[in-house]
Amino acid sequence: PVDRVTMKEALERLSAFLDGDGTRAIYTPNAEIMMDALRDPQLADILRNADMLVPDGAGVVLASKILGRKLPERVPGFDLVKNSFSLCPTRRIRYFLLGGRPGVAEQAAINILKDHPGIEIAGCRHGYFSEEEEKDIIRDINSSRADILLVALGAPKQEKWIHRNRDNLNVKVCIGVGGSLDIFAGKTKLAPEFFRK
Ligand code: UDP
């Protein structure tokens with residue numbers, strides 16, 4: 001059940017989540033994640049229970065057109081996160097970056113802050129940890145008082161991680177962001193806009 005939102009509407013919802021109660025989960029399924037969900041009932045269930053599902057990629061929008069219920073536009077997770085950095089000029093949103101190889105979240109934080117001094121990075125943590133370390137990681141996220149947790153563990157790991165842990169998190173919003181931290185860190189390049197379209 002992908003939300004029929006434009007990028008602008010997705011940002012408005014994200015903003016409302018920041019002012020609301022509880023911890024909201026946003027996932028950004030692309031065609032691969034959608035296909036995985038057909039074979040993985042647990043993933044399908046997690047996606048159905050999201051607070052917002054945005055169509056990450058042209059394949060999902062094309063499928064919606066073929067099925068006769070066209071989604072308004074692509075809302076890629078990377079762009080949603082990037083646009084959120086300019087969401088609240090009146091207040092500094094605090095982000096926690098979780099995921100990527102060691103050093104990637106820190107480099108992403110440096111690059112993001114260079115371009116968006118109006119936000120705060122409340123903490124960073126690489127994405128290669130054992131189950132035993134999870135308690136400490138959740139404690140660190142909560143004590144950072146972050147508003148938004150970006151989880152970059154790849155799909156479907158990040159969706160499952162968010163689903164399993166959201167009740168223990170104090171953040172307002174968790175977003176599964178796939179390889180986005182690698183892009184912010186300059187380790188991977190986004191495909192050119194014409195190609196993404
Ligand atoms: N990753 C991680 N922990 C893991 C597995 C993956 O932090 O146990 C990170 C990996 O370093 C990369 C991201 O998750 O930064 C996955 O990116 P990918 O582009 O494969 O994911 P997708 O966007 O396709 O979901």
Side-chain angles (χ1 to χ4, degrees), residues 2-3 7 10 14 25-40 42-50 52-63 74-85 95-112 121-141 144 146 148-166 169 171 173-193 195-197:
V2 178
D3 284 277
M7 175 61 80
L14 170 57
I26 301 177
Y27 306 121
T28 67
N30 57 14
E32 288 164 86
I33 300 178
M34 292 289 189
M35 294 308 291
D36 281 348
L38 287 177
R39 294 179 282 258
D40 179 347
Q42 191 201 2
L43 176 62
D45 222 44
I46 289 172
L47 295 181
R48 276 191 211 100
N49 281 295
M52 180 158 66
L53 276 191
V54 296
D56 181 307
V60 180
V61 176
L62 179 61
R74 282 182 308 128
V75 184
F78 175 79
D79 297 347
L80 180 67
V81 170
K82 196 166 178 203
N83 290 334
S84 79
F85 296 148
Y95 293 77
F96 195 106
L97 314 184
L98 173 66
R101 292 181 305 280
V104 165
E106 287 79 0
Q107 188 57 52
I110 290 168
N111 294 352
I112 291 167
I121 303 292
C124 295
R125 174 71 163 81
H126 69 75
Y128 294 86
F129 49 81
S130 63
E131 241 180 275
E132 294 79 58
E133 289 173 285
E134 262 184 30
K135 248 196 182 147
D136 285 347
I137 293 171
I138 288 167
R139 202 197 46 223
D140 287 349
I141 295 166
S144 79
I148 297 181
L149 172 64
L150 303 181
V151 185
L153 302 176
K157 199 169 181 180
Q158 62 206 6
E159 288 77 12
K160 292 184 178 179
W161 193 91
I162 291 172
H163 185 74
R164 197 169 64 242
N165 292 301
R166 62 190 278 185
L169 288 163
V171 298
V173 180
C174 300
I175 313 179
V177 297
S180 295
L181 294 187
D182 289 318
I183 301 171
F184 285 120
K187 307 273 179 211
T188 319
K189 262 197 188 156
L190 210 53
E193 185 57 20
F195 191 82
R196 300 174 76 204
K197 263 190 192 151

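Bear in mind that the values here come from a model prediction, so they are computed numbers and not experimental data. Just so you know, ligand 1 is whichever comes first in the structure, and atom 1 is the first atom listed for that ligand.
Put simply, NE2 on His163 and SG on Cys174 are 12.0 Å apart, with the number rounded to the nearest 0.5 Å.
The salt bridge (charged side-chain N to carboxylate O under 4.0 Å, His left out) pairs that include a residue from residues 76-85 are Asp79-Arg196, where partners are two or more places apart or lie in different chains.
A heavy-atom distance below 4.5 Å is not found between the side chains of His126 and Glu106.
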- [ ] Start with the C-alpha gap between Arg74 and Asp56, add the side-chain angles, then the distance that decides, and say whether side chain to side chain contact (heavy atoms under 4.5 Å, CB included) holds.
- [x] CA-CA 6 Å; Arg74 282 182 308 128; Asp56 181 307; over 6 Å; no
TODO: Under the salt bridge (charged side-chain N to carboxylate O under 4.0 Å, His left out) rule, what do Arg139 and Glu134 come out as? Steps first, then yes or no, please.
DONE: CA-CA 9 Å; Arg139 202 197 46 223; Glu134 262 184 30; over 6 Å; no
Mind listing the N or O contacts between ligand 1 and protein, cut-off under 3.5 Å?
unit_1: ligand 1; atom_1: 1 (N); unit_2: Tyr128; atom_2: OH; d: 3.3
unit_1: ligand 1; atom_1: 3 (N); unit_2: Gly127; atom_2: O; d: 2.7
unit_1: ligand 1; atom_1: 7 (O); unit_2: Gly100; atom_2: N; d: 2.8
unit_1: ligand 1; atom_1: 7 (O); unit_2: Ala152; atom_2: O; d: 3.3
unit_1: ligand 1; atom_1: 8 (O); unit_2: Lys157; atom_2: NZ; d: 2.6
unit_1: ligand 1; atom_1: 11 (O); unit_2: Tyr128; atom_2: OH; d: 2.9
unit_1: ligand 1; atom_1: 14 (O); unit_2: Ala152; atom_2: O; d: 3.1
unit_1: ligand 1; atom_1: 14 (O); unit_2: Gly154; atom_2: N; d: 3.2
unit_1: ligand 1; atom_1: 15 (O); unit_2: Asp182; atom_2: OD2; d: 2.5
unit_1: ligand 1; atom_1: 23 (O); unit_2: Gly179; atom_2: N; d: 3.0
unit_1: ligand 1; atom_1: 25 (O); unit_2: Ala155; atom_2: N; d: 3.1

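Note on Glu159 versus Arg164: no salt bridge recorded, every NZ/NE/NH1/NH2 to OD/OE distance being 4.0 Å or above.
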